[in-house]
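Below is one structure, written out as structure tokens; comments come after it.
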Amino acid sequence: MAGSTKHPLFGFLPRNVTAKQVQGVVEGNENPFTRLPHSPQYRKILEARKKLPVFAQMDEFYKMFTKHQIIVMVGETGSGKTTQIPQFVVYSDMPQTKNKIVACTQPRRVAAMSVAKRVADEMDVQLGRQVGYSIRFEDMTEPGTTFLKYMTDGMLLREAMNDPDLQRYSTIILDEAHERTLATDILMGLLKALVKRRKDLKIIIMSATLDALKFQKYFTIDDPAPLFKVPGRTHPVEIFYTQEPEPDYVEAAIRTVLMIHRAEEPGDILLFLTGEEEIEDACRKIKIEADDLIAQDPDTVGPLSCIPLYSSLPPQQQQRIFDPAPSPRVPGGPPGRKVVISTNIAETSLTIDGIVYVVDPGFSKQKIYNPRIRVESLLVSPISKASAQQRAGRAGRTRPGKCFRLYTEKDFMKELEEQTHPEILRSNLANTVLELVKAGIKDLVRFDYVDAPAPETLMRALELLNYLAALDDDGNLTSMGSMMSEFPLDPQMSKMLIVSPEFHCSQEILAIVAMLSVPNVWLRPNNQRKEADAAKQLLTVPDGDHLTLLNVFNEYQNNLHDRNWSWNNYLSARSLSQADNVRSQLLRIMERLEIGVVTKSYEDQTRHYMNIRKALVCGFFMQVAHKEGEKGSYITIKDNQAVSLHPSCGLDTQPEWVLFNEFVLTTRAYIRTVTDIRAEWLLELTANYYDLGSFPDGEAKLALQRVLKKQIGKNAKAAGPDRDKPLKKKPKTS
DNA sequence: GAGCACTGC
């Protein structure tokens with residue numbers, strides 16, 4: 001009688017449901033969230049879901065989830081945890097009945113989007129309504145309707161900054177926690193503190209196997225967090241090691257690829273190398289050698305296609321990894337094979353079906369941070385055991401595979417670290433510290449990190465934020481700091497934006513900051529370097545690379561009608577449109593903060609450019625170098641690092657003082673993206689930092705003292721300060 | 001006279 005009108009979830013007690021109840025609803029005819037009948041598509045997907053390993057453990061899951069506030073979950077690839085667990089949680093939390101949300105974080109945007117789409121299909125609802133996702137630049141949710149949300153970890157961290165109690169959420173699931181991204185690490189710290197304040201909030205940490213114990217221990221409230229284990233569904237991968245260490249891993253890798261091609265069963269190969277240049281080089285060599293092999297032995301050696309893969313490759317070329325292996329040259333001839341040569345991008349971000357052989361030389365480029373000289377750099381380093389395991393796993397996704405490690409078993413056991421160092425130990429934390437302070441964390445040194453960063457890294461971050469006036473001398477957030485934290489930028493750049501109205505150049509600083517926030521816009525194809533350099537020369541502003549970036553952005557905007565403009569000027573259309581996107585987001589934030597977006601267009605260009613350079617100084621006064629000696633050698637102020645102007649630098653002279661965006665350590669120490677500045681501005685705009693009383697001795701200090709003396713003399717002679725008068729333009733030498 | 005591992009806000 002009542003059966004037809006009763007709500008499908010009738011009798012469900014929040015946070016106390018059984019697998020039997022849930023299975024009844026899942027198998028039922030009526031969708032409990034839309035009250036519509038389930039579609040045939042739903043039934044089809046349900047049959048596939050029921051085969052996932054995690055589905056068989058629903059009962060076990062609910063027993064644990066009902067009882068505990070925090071769960072650590074481990075599941076191998078193919079367990080279905082990312083799609084199923086959040087749905088299980090929804091039936092228990094019933095967030096739709098109390099205006100709450102179940103959130104599941106991902107380290108990458110594509111994952112958040114694609115998983116949300118899949119889960120919306122599984123639940124027979126429209127993406128963006130009951131189930132949605134939230135990533136930078138795209139909020140695919142409907143307030144009041146969305147109760148299951150996939151999002152990037154960085155997005156949730158931003159929310160935590162403004163609402164430290166994360167009141168909207170009933171359960172928060174941190175997925176891929178083993179990747180230890182900076183955002184996930186900070187979230188773990190915040191959530192550990194939060195569960196004490198919010199007893200109604202539940203947390204699930206999802207990870208691959210090796211780290212589980214560490215997370216369980218970390219999340220000890222009275223007892224360690226319980227562990228929920230889900231088996232994976234992959235194929236076995238046989239591991240081979242070399243007998244002796246390989247002196248040249250690229251050469252060994254090429255040899256191994258050719259050996260596989262000659263001697264192993266059909267199946268595609270994935271080779272891991274460290275960077276673009278290495279990959280393109282190996283690609284060329286493999287092609288040449290494979291052609292030789294085929295010429296020698298056309299009856300047994302099939303064709304080999306070689307596909308490079310790295311992030312700066314245009315998407316269209318990245319798609320080539322999904323091309324099928326080449327067909328035999330003649331019908332019935334030896335089969336073709338595909339080899340993908342990739343950076344770490346194929347370790348986590350991209351999966352390629354059909355890979356049967358993995359060649360792992362054991363290296364990758366890793367970011368390291370040196371707090372002493374405040375520099376992040378990339379270094380080719382040995383990978384960790386966890387990483388090696390992940391790479392090997394790429395061979396077993398479709399059928400049993402083989403992994404050839406180009407190092408000895410002994411080195412694997414003894415030399416490789418268990419885990420890759422988490423990002424928090426390898427990064428400049430200026431931004432993170434500001435976010436934490438904004439989230440109300442008072443004592444950053446004693447914050448409960450999963451892995452605590454070096455005290456010096458924290459000190460460097462606090463010092464920078466103090467000089468930028470984001471924190472006062474007691475480490476409290478200032479109103480300036482509060483504004484700065486609203487921008488998804490390094491603090492130096494948000495500072496520039498906030499002060500830009502004083503220099504009448506908000507639009508210009510917006511464009512420059514946007515350009516500095518996207519990947520390099522300059523293209524330089526191997527066979528057209530001269531043409532590319534010439535094109536760049538035409539866009540160059542000799543006063544500084546920052547102004548060149550501004551010029552490029554403006555020209556891009558002026559030429560939007562011309563589809564080929566970017567390409568014709570050897571510029572990356574992808575980066576430029578990204579910059580445009582970033583610029584709009586930053587502009588919206590400025591408007592929200594009621595920072596007047598001021599631009600004085602009637603000024604003459606020299607003076608206008610000077611104002612822009614002054615605004616740059618307000619953010620980047622700590623990244624300044626002084627020319628010492630004749631041959632273009634510079635010394636960074638205070639740290640006394642000898643550096644050279646990067647060859648890509650467009651300055652037509654070698655000014656005495658320069659401001660730089662980036663310090664790069666390659667064959668030499670270079671400063672990149674450099675602008676000509678004046679000592680007067682340093683003394684005038686950032687007197688706090690350029691306090692000569694505490695300045696280290698050296699040529700830079702002497703030069704600053706001379707400027708100061710001259711200023712005092714001038715001010716004594718003249719009746720008042722005249723520093724607003726444009727300084728005389730230097731004669732240009734070409 | 002050289003380089004951009006990979007994410008993310």
Side-chain angles (χ1 to χ4, degrees), chain A residues 105-112 134-139 151-162 176 179-187 272-281 309-313 342-350 363-368 376-381 383 387 390 420 422-424 426-427 431-432 434-435 438 484-491 493-494 517-526 529-530 532-533 536 572 574-575 578 581-582 585-586 589 631-632 644-650 662 664-673:
Chain A
T105 68
Q106 296 292 322
R108 282 167 294 278
R109 307 167 44 150
V110 267
S134 175
I135 61 178
R136 188 183 186 183
F137 303 128
E138 201 182 347
D139 183 11
M151 65 203 301
T152 45
D153 50 6
M155 221 40 198
L156 187 61
L157 184 54
R158 286 256 133 207
E159 285 188 21
M161 221 176 62
N162 290 311
E176 314 285 4
E179 288 194 27
R180 305 292 305 275
T181 65
L182 192 45
T184 294
D185 260 33
I186 298 296
L187 281 169
F272 286 100
L273 291 177
T274 65
E276 171 175 348
E277 199 180 336
E278 204 174 79
I279 287 168
E280 292 292 353
D281 197 42
L309 177 64
Y310 42 87
S311 75
S312 60
L313 218 50
S342 170
T343 60
N344 259 3
I345 193 171
E347 200 178 295
T348 46
S349 307
L350 274 169
F363 292 95
S364 70
K365 275 192 194 169
Q366 285 166 34
K367 183 175 75 183
I368 49 168
E376 285 182 343
S377 49
L378 282 174
L379 199 70
V380 174
S381 329
I383 61 171
S387 195
Q390 177 78 16
T420 311
E423 200 183 357
I424 195 170
R426 300 184 283 119
S427 306
N431 218 348
T432 306
L434 186 59
E435 284 166 351
K438 173 83 180 189
M484 284 167 62
S485 71
E486 294 292 321
F487 292 93
L489 294 169
D490 278 343
M493 298 217 249
S494 23
S517 307
V518 300
N520 184 18
V521 297
W522 308 102
L523 299 178
R524 209 165 175 245
N526 256 334
R529 291 195 176 174
K530 261 192 185 159
D533 290 348
K536 183 174 177 184
S572 160
R574 189 164 43 139
S575 289
Q578 242 177 298
N581 223 345
V582 172
Q585 188 193 24
L586 299 176
I589 297 172
K631 285 181 192 144
S644 313
L645 299 182
H646 194 271
S648 65
C649 174
E662 217 182 346
V664 282
L665 197 60
T666 53
T667 48
R668 289 160 75 181
Y670 289 106
I671 48 178
R672 191 160 54 190
T673 314

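Numbers restart at 1 for each chain; the letters A, B, ... are given by sequence-line order, proteins then strands. All values reported here derive from a predicted model rather than from experimental measurement.
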Handout entry: Nearest-Å distance for atom pair CG/P, residues L313(A) and dG3(B)
Key = 19 Å
Practice task
Measure from the side-chain heavy atoms of L378(A) and tell me the nearest of dA2(B), dT7(B), dA5(B).
Solution key: dA5(B)
Practice task
Please state how far atom CD in E278(A) lies from atom P in dA2(B), giving the value in whole angstrom units.
Solution key: 19 Å
Practice task
Taking only the side-chain nitrogens and oxygens of Y310(A), find out if one of them lies under 4.0 Å from OP1 or OP2 of dC6(B).
Solution key: no
Problem - Distance in angstrom units between K536(A) NZ and dA2(B) P, rounded - result: 14 Å
Exercise for the section: Assess whether one donor atom and one acceptor atom, taken from the side chain of R109(A) and the base of dG8(B), lie less than 3.5 Å apart. Expected result: no
Practice task
Tell whether R672(A) reaches the base of dA2(B) with its side chain through a donor-acceptor pair below 3.5 angstrom.
Solution key: no
Completion exercise
Smallest heavy-atom separation, I135(A) atom then M155(A) atom, equals O-CE, 3.9 Å
Practice task
Look at the side chain of P488(A) and decide which nucleotide, out of dC9(B), dA5(B), dG3(B), has an atom nearest to it.
Solution key: dC9(B)
Practice task
Check the side chains of S387(A) and E347(A) for a donor-acceptor pair under 3.5 angstrom, ignoring hydrogens and angles.
Solution key: yes
Handout entry: Any S311(A) side-chain N or O less than 4.0 Å from OP1/OP2 of dC6(B)
Key = yes
Exercise for the section: Looking only at non-hydrogen atoms, find the nearest pair between V518(A) and S575(A) and report the distance. Expected result: CG2-O, 3.7 Å
Exercise for the section: Tell me whether the OP1 or OP2 atom of dC6(B) has a side-chain N or O from T348(A) closer than 4.0 Å. Expected result: no
Handout entry: Interatomic distance, Q578(A) CD vs dC9(B) P [rounded to whole Å]
Key = 11 Å
Exercise for the section: Considering just the side-chain nitrogens and oxygens of T343(A), establish if one lies under 4.0 Å of OP1 or OP2 belonging to dC6(B). Expected result: yes
Problem - Partner set under salt bridge (Lys or Arg N to Asp or Glu O under 4.0 Å) for E662(A), not counting sequence neighbours - result: R672(A)
Practice task
Can you tell me the distance, in whole Å, between the CD atom of E176(A) and the P atom of dC6(B)?
Solution key: 18 Å
Exercise for the section: List for me each residue that meets side-chain contact (heavy atoms from CB on, under 4.5 Å) alongside K536(A), sequence neighbours excluded, and say none if there are none. Expected result: W522(A), T540(A), S648(A)
Exercise for the section: Name the nucleic acid region contacted by R136(A), choosing base, sugar-phosphate or nothing; use a 4.0 angstrom heavy-atom cut-off, strictly under. Expected result: base
